Amino acid sequence: METETPQIAAAHQSNKNAMRRRHRAEKRNNLSVSHYLGDLHAHTQEGEKTSPETVAETRSGSNCGEITLRALIFFHAVQMKNKFLAATDHSRDASPEVALNGITEWFKRWLTSDDNSLGENDEPREDLTPEDKKLIAETAATFAKVVACYNDDRLRINLEKIRQQKLELAENGIPLFVLIAGVEANLLPNGEFDSQIVDQGEFTLVIASIHPDLDPNGYAEIMADHNLYTDLVIKGIEQPQTNIIAHIGFGASPEFAEQLDWDKIAQAAIRNDVAIEINVRPLMEYIYREMMDYNKFPANNVSYRKAFEEKLPGLIPLLSSGRIREKLKPYLNQGLRIAINADEHRLPIDTDLSGNVTDLKGHRFWRCLKMTEAQFNVWFENMGIKQEHIINTYHVDQLKAFLAKEMQSFPKLS
Ligand SMILES: [Zn+2]
Ligand SMILES: [Zn+2]
């Protein structure tokens with residue numbers, strides 16, 4: 001007889017609850033969080049931190065990521081009950097200057113500190129000569145440059161890491177969870193990607209992104225002219241490897257995003273089997289930073305709900321704009337697809353490596369997601385967005401067909 005541990009019993013119960021929520025939602029013709037099968041935009045970071053030199057030698061993933069791929073997978077597979085996840089680290093650092101300065105300072109603090117505290121102990125040693133300091137500054141800058149200004153070598157390591165994790169998943173009894181080898185590739189001002197192995201089709205999922213901080217001068221003209229920006233978005237959509245065009249308007253004002261030529265963008269997306277991303281990172285960061293702040297909103301107090309309700313309608317890029325919603329509306333029954341991605345850099349709740357929650361603040365997080373779900377449903381109903389428009393709700397086979405650009409029509413979903 002099979003013995004059921006409390007964990008397995010809890011997992012069954014939680015699955016049942018998820019199914020009930022989903023059936024209820026379906027009856028009302030709404031989408032629920034449990035339709036959402038996985039995030040297609042997430043950043044990781046790993047490597048040894050024993051010295052600036054080892055950081056330079058072993059750093060993988062994105063410099064802005066704060067989680068290991070393993071922790072991210074377990075969180076999504078075990079906690080979120082997702083079916084898939086795409087690891088999409090940056091093709092190159094999206095803010096190289098910020099990264100270079102930040103890492104140089106970190107290494108400098110590290111090399112001048114009294115102990116080996118990863119540079120977190122700010123007490124500098126007092127016995128350093130000006131020459132020592134000069135040498136330390138040079139060493140810090142040299143290693144920081146390796147970390148900040150990486151190339152395709154790191155992408156090859158990222159791919160290998162994903163391959164290893166897939167093997168581990170298969171061995172650890174969660175073979176049904178699918179890890180997708182993705183990349184967030186920078187779209188240069190000339191419309192090309194900044195990585196050869198992205199062009200060569202090494203990744204299953206390619207997110208095309210415009211990150212103006214990559215080269216502030218190079219993008220200056222584009223960021224000041226909505227026609228030039230629209231043209232660059234279209235070049236990104238037309239890159240043969242692109243599957244998702246990410247956070248359109250990132251780094252510009254909401255008004256700038258409203259002025260883009262959404263007809264052209266939607267038509268190009270449909271023509272090229274590319275999904276338009278609704279990047280919910282600002283929303284998620286707000287939940288982590290504000291809603292989970294238990295000093296501001298104590299644990300025994302539900303005042304956070306009112307605060308969240310008021311803020312929520314303005315927190316979602318693109319969808320928060322009535323003008324953009326109206327612009328996209330006619331294209332939904334012509335085959336436009338969207339991707340709703342958290343662009344995750346860290347986890348909302350503390351978990352151990354097996355994905356078990358070690359911090360029970362999780363309930364409030366879920367409550368915020370349910371409130372978000374309600375807001376999305378209002379917009380979706382108004383725009384005619386159904387499950388088949390949202391690629392995160394596709395079954396794995398359908399998602400793979402979409403990513404391979406082999407999907408002829410909307411999938412049948414249930
Ligand atoms: Zn990005
Ligand atoms: Zn990203």
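Small disclaimer: the values here were computed from a predicted structure and weren't measured. Any value given below was found using the heavy atoms of this structure, including those in side chains, with hydrogens, waters and symmetry copies removed. Counting starts at 1 for both ligands and their atoms, in listed order.
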- Under 2.8 Å from the Zn ion (ligand 2) - protein N/O/S, by chain and number: His41 NE2, His43 NE2, Glu184 OE1, Asp343 OD1
- Item | Gln45 and Ser62 side chains, donor-acceptor separation under 3.5 Å | no
- Should the pair His211 and Phe250 be assigned to parallel (<30°), tilted (30 to 60°) or perpendicular (>60°) ring geometry? perpendicular
- Item | Row check, Tyr304 ring normal vs Arg364 NZ/CZ: under 6.0 Å, within 45° | yes
- So, the side chain of Lys166 versus the backbone of Leu179: is there a donor-acceptor pair under 3.5 Å, distance only? yes
- Message: Using 30° and 60° as the class boundaries, would you call the ring planes of His247 and His41 parallel, tilted or perpendicular?
- Response: tilted
- Message: Under a 4.0 Å threshold between the charged nitrogen and the carboxylate oxygen, would Arg156 count as salt-bridged to Glu202?
- Response: no
